[in-house]
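Below is one structure; the comments refer to it alone.
So you know, we letter chains A, B, ... as the sequences are listed, proteins then strands, and number each from 1. The basis for the numbers below is simple: all heavy atoms, side chains too, and nothing from hydrogens, waters or symmetry mates. Please read these numbers as outputs of a predicted model, since none were measured by experiment.
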There are 2 protein chains.
Amino acid sequence: MRIGDLAARTGVSVRALRYYEEQGLLKANRSGSGQRHYPESVVDRVDLIQMLYAAGLSSRTIAELLPCVEAKVSTPESRARLFAERDRIDAQIAGLTRTRDRLDAVIASTGSPASGCTYIADRDVAT
Amino acid sequence: MRIGDLAARTGVSVRALRYYEEQGLLKANRSGSGQRHYPESVVDRVDLIQMLYAAGLSSRTIAELLPCVEAKVSTPESRARLFAERDRIDAQIAGLTRTRDRLDAVIASTGSPASGCTYIADRDVAT
DNA sequence: CTTGCCTCTGACGTCAACGTCAGGTTCTAG
DNA sequence: CTAGAACCTGACGTTGACGTCAGAGGCAAG
């Protein structure tokens, strides 16, 4: 599997994949001419990397936690980092939930102004 | 209330407050000599701005939604934006929840290797 | 008055995760 | 064999939300 194929499979750009390698998140087997070749397994790894990036983790943190998540290998530091990131994500979820509820309240008040102005699509307001 | 006081009250830097004004998120009464003076009410406004920034909204989007959230004034576009951002935040919460659960699973497997994989994750899944 | 802190307006610096371009090599289809 | 897609390594550009510095002015206390 070459880098273009991996990019297509993961939806990540070729540039991003090379960047991940540069950051030590991804390793590639090189052919004689220097081209990168990947096994199927890296697809999951790239998905995981994207997942962690989306959760707000930095390259450095991801690099620290990847062996922990994939190979179940962990040092005391990485375990501490793991707990810290878990808690940070928890807090982030809590904050986002409050923000969403606030927006929902706004939607409820501007969307149906007391009387029957109901042409605004009837959405679920408080999950 | 001068800008330094507002910064202290909100935990936001002076630079950030000036930046908010530059982005049209905050207005200030100017004294004769050009110094900014704020009423008490802007404290809540700044908190709200921070909340929206934390939720991943851009200055432009916040500027569009602030009148909607504070004064309950909305145009069809801002209402559409409101719905879009609410849904985006919902999706973000869902993604973060999956990521957190994944980290919890890792914690469960690396954190207590002796007693078989018992899940730690009996946390509330953020409504 | 002057000391010292606060404020003002530019304007350049920063940082992360890439985008994009240049110039050159390699693989593949016909 | 040859065109053209895909790949390579630098290396500079981008974006957003500020940080930071420079130089100048404002404000209450002693």
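- For A:Tyr38, there are no side chain to side chain donor-acceptor pair (under 3.5 Å) partners at least two apart in sequence or on another chain.
- A straight line from CZ of A:Arg15 to P of C:dA17 spans 12 Å, rounded to a whole angstrom.
- Between A:Glu22 atom CD and C:dA16 atom P there is a gap of 12 Å when expressed in whole angstrom units.
- Under the side chain to side chain contact (heavy atoms under 4.5 Å, CB included) criterion, A:Thr61 pairs with A:Leu57, A:Ser58, A:Leu65, A:Arg81, A:Glu85, not counting sequence neighbours.
- Residues satisfying the side chain to side chain contact (heavy atoms under 4.5 Å, CB included) criterion with B:Arg45, sequence neighbours excluded, are B:Leu26, B:Ile49, B:Leu66, B:Glu70.
- Atom P of nucleotide C:dC18 and atom CG of A:Leu17 are separated by 10 Å, given to the nearest angstrom.
- Looking at residues two or more places apart in sequence or on another chain, you find no side chain to side chain donor-acceptor pair (under 3.5 Å) involving B:Thr99.
- Looking at residues 53-63 of chain A, you'll see A:Tyr53, A:Leu57, A:Ser58, A:Ser59 sit with a heavy atom under 4.0 Å from some atom of DNA chain C.
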Which protein N or O atoms sit under 3.5 Å from an N or O of nucleotides 7-9 of chain C?
from  : atom 1 : to      : atom 2 : distance (Å)
C:dT7 : OP1    : B:Gly4  : N      : 2.7
C:dC8 : OP1    : B:Arg36 : N      : 2.9
C:dC8 : OP1    : B:Arg36 : NH1    : 2.8
C:dC8 : OP2    : B:Arg18 : NH1    : 2.5
C:dC8 : OP2    : B:Arg36 : NH1    : 3.4
C:dC8 : O5'    : B:Arg36 : NH1    : 3.3
C:dT9 : OP1    : B:Arg30 : NH1    : 3.0
C:dT9 : OP1    : B:Arg30 : NH2    : 3.2
C:dT9 : OP2    : B:Arg36 : NH1    : 3.1
C:dT9 : OP2    : B:Arg36 : NH2    : 2.8

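- A nucleotide of DNA chain D counts as in contact with chain B when one of its atoms lies under 4.0 Å from a heavy atom; the first and last such, 5' to 3', are D:dA17 to D:dC27.
- Judged as a side chain to side chain donor-acceptor pair (under 3.5 Å), and not counting sequence neighbours, the contacts of B:Glu77 are B:Thr75.
- As a whole-Å value, the separation of A:Gln23 CD from C:dC18 P is 10 Å.
- Take A:Val14 and apply the side chain to side chain contact (heavy atoms under 4.5 Å, CB included) test, not counting sequence neighbours, and it matches A:Ile3, A:Ala7, A:Arg18.
- Counting all heavy atoms, side chain and backbone alike, B:Ala55 lies closest to B:Gln92 at O-OE1, 3.6 Å.
- In this structure, the salt bridge (Lys or Arg N to Asp or Glu O under 4.0 Å) partners of A:Glu40, at least two apart in sequence or on a different chain, are A:Arg9.
- With sequence neighbours excluded, the residues that form a side chain to side chain contact (heavy atoms under 4.5 Å, CB included) with B:Val12 are B:Thr10, B:Ala16, B:Leu17, B:Tyr20, B:Val46, B:Gln50.
- Contacts of A:Arg36 classified as salt bridge (Lys or Arg N to Asp or Glu O under 4.0 Å), with partners at least two apart in sequence or in another chain: A:Glu21.
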